[in-house]
Each structure stands twice: as C-alpha cells, then as structure tokens.
Amino acid sequence: MRRRGRVRSARCERRRVRGRHHRGRSGAGRHHRDAAGGSRRRSCLREPEHEEPDEGSRSQRCRLRRDHRVDRARCLHRRDPSVAIRHRADHRRPGRPRRHHPESPVMSTPALPDPALPDPASATSMRTHRCGDLRREQIGETVSLCGWVGRRREHGEHLAFVDLRDHSGITQCVVDNDVDVRSEYVVRITGVVRDRPAGTVNESLPTGEIEVGECTVEVLRRADPPPFPIDARADGVDENIRLQYRYLDLRRERMQRNLRIRAAVNSAVRTAMERQGFVEIETPMLVPSTPEGAREFLVPSRKEPGSFYALPQSPQLFKQLLMVAGVDRYYQMARCLRDEDLRADRQYEFMQMDMEMSFVTQDDVLDAVSESVLAAAEAATGERPPPIERITWLEAMNRFGVDKPDMRFAMELTELTDVFASTEFKAFAGAGSIKGIRVPGGADQYGRNQLDKLTDRAKSLGAKGLVWLKVTDGGFDSPVAKFLSDAEAADVRTRLEAETGDLLLVVADEWATTCEVLGTLRNDLGRPPVHEGPYRYVWVVEFPLFVGIDRDSGRPKPGHHPFTTPHPDDVDKIESDPMAVRSIAYDLVLNGWELGSGSIRIHEPELQRRVFTALGISEDEAARKFGFFLNPFDYGAPPHGGFAFGLDRLVAILAGEENIREVIAFPKTQSGADPMTNSPVSADPKQLSELGLKVLPPAT
RNA sequence: GGUCCCGUGGUGAAGUCUGGAGUUCACGCCGGCCUGUCAAGCCGGAGGUCGCGGGUUCAAGUCCCGUCGGGACCGCCA
C-alpha cells in the first residue's frame, strides 16, 4: 500500500505538471511560430484557435483510405516485400551468439550489411537488442531494450504488459512493479527473455513467442500524450496533422518501413550503377537559370545584387558536359527542384537517379537503367521483375490512349474509324479518329447521372462529346442508338467484343484528342489502386521529336528537349514533315506512372542546326540561349545519351503508396507549405536589403 | 488561373439536404477497480468559439456570401 500511495501522489503531481505543461507547450509552439513571422495566412495559422488541430478528413475519403490501408497491408503481406527490411534479425544464423554487453561499442552501420552476420545496428552501449530482434533463441538471456512505450495493459498493481516499440518492432515486457510509464515515454527496460505461458503466444507479432520478464524500467524521457495514435489508426488522420507532427508520424511502422524501403532502393540503385562502371559525380545546386523547361526557384546573389542563381530542375547540362569531359559513365542521386504546382506524384523537390553514358545507342542506356531499376525492385520486394517490355509511343497511344500506359488492366482502346467511314450520324461523320472502350458489366453501374458526369469529364478533356451505349440483348440502349445503322451497330458490337450488360464509350475527334480522352476515361474507370496486381514496367520508345504547336510562338514544341536525336529513319522528314519525325527518346513507365525519361542526344552541329530550324530557333537565338551549353561540344562531344528516373515515384509504388509524400520524410503540402516548420516564412528586412531586394505589396 | 471534395472536444466520425438548447458514437486523456493481456476489460470524469468573418432569420454546426486551411484533378511540369 505504501507503494501505491507513492504512485498516486506521483500521478497527482504529474496531473498538475501535465496541466501546466500542456499550456506551456501550446504557448511555446505559438511563440516559436510567432518568431518565424509570416504573411496573413501564416499569422492566421498561428492564432490560438488554430493551434489545436481542427481539420478532419471526410468520411468517404477516410473510409477509402482505411480500406486501402488494410488491403495494402494484406497485399504486402502476400508479396512480402519488406520482411527482409523489417525483420533483418530473422536472417541471423541461428545459434550465433548475440553481443549483449552494454559496454560493447558499435561502429557505424556499413552500407550493405552482410545478412549472414549479426546485425551491427542492433546493440549499443544502452541496449543489447532492438525491440524487434528477440526470438525463442534468446530465452534465458538478460537483455536491455530501449524504445517508446506503445500500448500498456494494466492488470492491477502487480501486472502490466508494456509494448516496447522501436523501428524494428515491438516486444512485450511484463512489468510487475508500478513504474509510471505512459504512451510514448522513452524507456530502457532490462529483463530476462522468457517463454510466454501456454495459450498466450501472439502470432501476429514476430516477437510474439517470447516476452521480457523481471523488468527494470528506466524512464529516459517522459512524454506528452501524442495527438494521434502511433499506429495504423493514424492512417486515417488528417494529413495536415500528420505533417505538423511528422516526427510522430514517422515513428509508425508504415512510415519506418517506407523510409527503409527508400534507403534499400537508393542503395540497390547505387550498387547497380557502380557495378556497371558508372561514376557518381555531384553537380552544383546553384546554377544559371535556363531558358526552357519548368519554372525554377531563384536564389538571389548577395555579391551581385540583382543577379540570381537558379536551383537545378535537373543536372541535364552538367551531365552532358561530363560526357564532353570524357567521364564516359556518370550517375548521380540528384535532387531536382521545380516550381510547378504539386500533385500526388509531384513535389517541389524530388530525387532522380540521373545518368548519362558515352558511345552508346538506345539499347545500352535502356539496359543500364533496367539493371538499376530491377535491382531496386528486387531490393524492395524480394523479387526481381521480368525483363522490361517495350512498346512504341504510337502503339501506347493507340492501345491505351496515353504515353504512360497502365498495362495491368485491359479495357484497351478499339479502333472504330473505318466502321463509321460513311456514317449518317453527324457527330461521327468526318471525324479524324473514332475509338471506343468497353466497360465490362458497366451498363448497370453507370446511371444517367454518372454518364452525364463522364460526358462532362470528356468535354473538359477537350472532346466535343461522349457517346455512351449500354449493350442490351437486342442492340444498344443509348440516346444515339437511332442514328446508327444496323451494320454500324453490329460492327461496333463485334469490334469491342461487347456483351450484354457492358457499357461502351465512344469518342470521335482528332486522333490525339480521341486517344487522350478515352485513355483518361479508361484510367478513371478501370485503373486499380497502384499497389494491386503485378508490377508492369514498360519502356515507351520512339516518342515524336515534336509535340504540338506552341500557342504563343506558333512553333513546334520539342517532345523531350531540343537536343534529342531524331530517329535515323526519319531524319529526312525534319524539314518536310516535322510532326511525323520520331526521336530516340524513351520513357520508363510503371503501373501507369511515368518514372522517367531520357534520350540519345544530338552531338553533331549540323543535325542540331536542322532541329533548331524546325523548332523555329534562329542561329542567333540558339547561340544566345544555348551557346554556353553547345559551344563545348565543338571541343569534341562523344555520341551520348542518358536517362533519369524519379526515385520518389519508384519507391512509392514499390512501397504500395499512392502518394509520394508517404515516402518522403518531410514533404510539402499541395500549397507548398510545411506544417511542421511553417515554411515558407517571410524574409527578415535585413536579409532582403543585403540582397538588394524589396518585396512589393500584394497585388489586389 | 480553373473545377470538385472536405474543415464538428486531442483523434476519427454522425448530425448540415429538411434551421429549434453543443446532441451522439468510437478511440485517446484523467481517476478508480482489475494477476495473462495483446488496438485488454469494467466503472466514473474532464474536455468543443462546430476553421474564421459577414449576412438571412425570433433562432444558424445546419441556409447564403466571402475568406483561410487540407486534399483530388485540369492548366502547368522542355
């Protein structure tokens, strides 16, 4: 009872302390943000009423997200991509003794630990094992674990189960004294590994056969209750709150796993590139602004007020100059920055595996990149994908309507132009291209309302309209059925292999529009979540050299960039039929996500001149805009080509995530803000004056 | 620049269409009970300026306008 009294008083005191602490913490948080200064939007964020998280996601989205999470977990369990990462200890040779002297110094982890050796990341001066390490082999050993207190299950004064958690997993510790430990306290627990009593094994935990008993608990740091549970339930928490407390979000298994998949991918990519003789070379972050491409982040120069650096949107020009420099094979895990609007698959800053090689053809580049991507996939999933297939851009457009086809599902575009060659139906007559897709069993799933929405969607994508046909036993249920001849109706049915109950969607327009609209609808209606089904890697090759006409200048726009080599078979057409010229440019696509792109570059001045001319760029303009880049070629540029793929996207898909923010430790929101650091913040007037800058009042 | 969805105790939701007292549910938190639990259980309690501002109304979480914040998408991303 004496002890209980102590506990009570300790808790009472804690309650008092906690009350003050809470207020103090909130105040401190505001103070911190106040110190950062900011615009009206940010000062609004700092208001007390905004201090507490107050934004919740809506039911449907959340339910979907939760369901998705469950499915994903199942799926991952099935494919088992992360076991090697999560439970590296499993790979230890049984019987090999573990080091468990608290004094044992442990040096830094090698980049590629030999899985056959004891994991050097395990023991430290303070612990003998990580929380996910212990198995039946350790029974009888006295161990020390360090970590955060997860769930506690108290059964009166002499028995409490504490789930001790670190990045590696959870171990149940049986505490029979009354130390006051609460959620997320940082503790060190020393005790003896023992068998769990019969019937109490937890099969859902890798450590579930054992527990640590006779525990001595040292509280290393008390902690306030977290704003959300540090487990899978936080998947449903508003992302803004997760980002505000990212350091807590990252404690969760899912996020730890994602960080480690990312590290494994990085490591595998580096190894694969180095094995192939590529040299990692860093290129500058402060670079000149380049005339073409994405909007750049500008960095003002202090030494030269009024002049600016740009942050690189890619190391493109440097890597090509490295080829001129005779490096032969370059690669870099390159941070790239683009000031364009953010999306689920786009952040301001992102990582690319950037590479370039000399004296090569397309096959050499594709082989080298494939090796690196497949090695990364194997590292993350434990399974090496089959060789990557190739299709041409034209085939991708015709069959899937997009240049980044998701080939995990069918619903391919079907050619119908010839069916309606002499149609009476005005909407189809004279259309450049008519194609359709079949939504199996879609007739019942799509009511009038949804079909109207699909039509709106098609129109917003540039189509003049959308024809829908519900397949019935005798024919079509459709507003346009009466305009189709019997022969046309029969042909449509046969071509699309339509069966009763299907929904058919038909678009008639210019070829590009028809493809694009149906390709988008195909994705809208048929695309599975990114983590489902097989991984379908595909090289899309033979991109057109020019795509579309620039609205402002009236010139053709380069499909990849203006230094891309035209396809040798099409070089003759650069002047006569530029839009028909293919290029040696290629994209790598995974499950409908563009992972990256590359090309064989032009290294001959004459060909470059012809392409510039086709692009409407005069010699003067070329010299002015690209001289700094192309003049070095005159000192001897080797034939070369390269590629870059986005690591964030690759990791996201391999981790089963729909959003690259989930595989970035500290991402930005869609508006480009970081709720944790509250960036961006307004600049100190002194900084501005040093840089010779003045902020204009907001235009109204 | 545009379209759409969403802001309700610490967290997630219901309530909003059809205005009538801050109502409800789950988790968490605080206290009590509890010796084999494992997202423990039982009992009790605290906690909200319904994002913010304006309007309509006798009356607004609910209707209208604006605004801030989050998300998805179009434009943009050579």
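Remember, it's a predicted structure, so these values are computed and weren't measured experimentally. Protein chains get the first letters and strands the later ones, always in sequence-line order, with residue 1 at the start of each.
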Among [options], which nucleotide has an atom closest to any side-chain atom of [X]?
X        : options                : value
A:Thr200 : B:rG36, B:rC27, B:rC76 : B:rG36
A:Arg233 : B:rA39, B:rA78, B:rU11 : B:rA39
A:Arg661 : B:rG71, B:rC76, B:rA39 : B:rG71
A:Ala294 : B:rA39, B:rG71, B:rC77 : B:rC77
A:Pro225 : B:rA72, B:rC29, B:rC73 : B:rC29
A:His561 : B:rU35, B:rA78, B:rC73 : B:rA78
A:Pro562 : B:rU37, B:rA39, B:rA78 : B:rA78
A:His158 : B:rC73, B:rA78, B:rU35 : B:rU35

ask   = Counting only N and O atoms by type, is there a donor-acceptor contact under 3.5 Å from the side chain of A:Ser597 to the main-chain atoms of A:Tyr586?
value =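 Judged by distance alone, no pair lies under 3.5 Å.
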Does [X] have a side-chain nitrogen or oxygen under 4.0 Å from the phosphate oxygens OP1 or OP2 of [N]?
X        : N      : answer
A:Arg152 : B:rC38 : no
A:Arg182 : B:rG31 : yes
A:Arg153 : B:rA40 : yes
A:Arg343 : B:rC74 : yes
A:Asn659 : B:rA72 : yes

query = Heavy atoms under 4.0 Å, any strand shown: does A:Ala160 hit a base, just sugar-phosphate, or nothing?
reply =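 The answer is nothing, as A:Ala160 stays clear of every strand by at least 4.0 Å.
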message = Pairing check on B:rA26: which nucleotide meets the Watson-Crick or G-U wobble criteria with it, both distances under 3.5 Å?
response =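 Because both required distances fall under 3.5 Å, B:rA26 counts as paired with B:rU11.
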key: side-chain hydrogen bond (donor to acceptor under 3.5 Å, both in side chains) against A:Asp648, all qualifying residues, sequence neighbours excluded   = A:Arg262
request  = Not counting sequence neighbours, which residues clear salt bridge (Lys or Arg N to Asp or Glu O under 4.0 Å) with A:Asp166? List them please.
outcome  = none
request  = Report the C-alpha separation of A:Ile210 and A:Thr171 in whole Å, then their side-chain angles, then the decisive distance to 0.1 Å, and conclude whether the side chain to side chain contact (heavy atoms under 4.5 Å, CB included) test is met.
outcome  = CA-CA 8 Å; A:Ile210 55 92; A:Thr171 293; 4.3 Å; yes
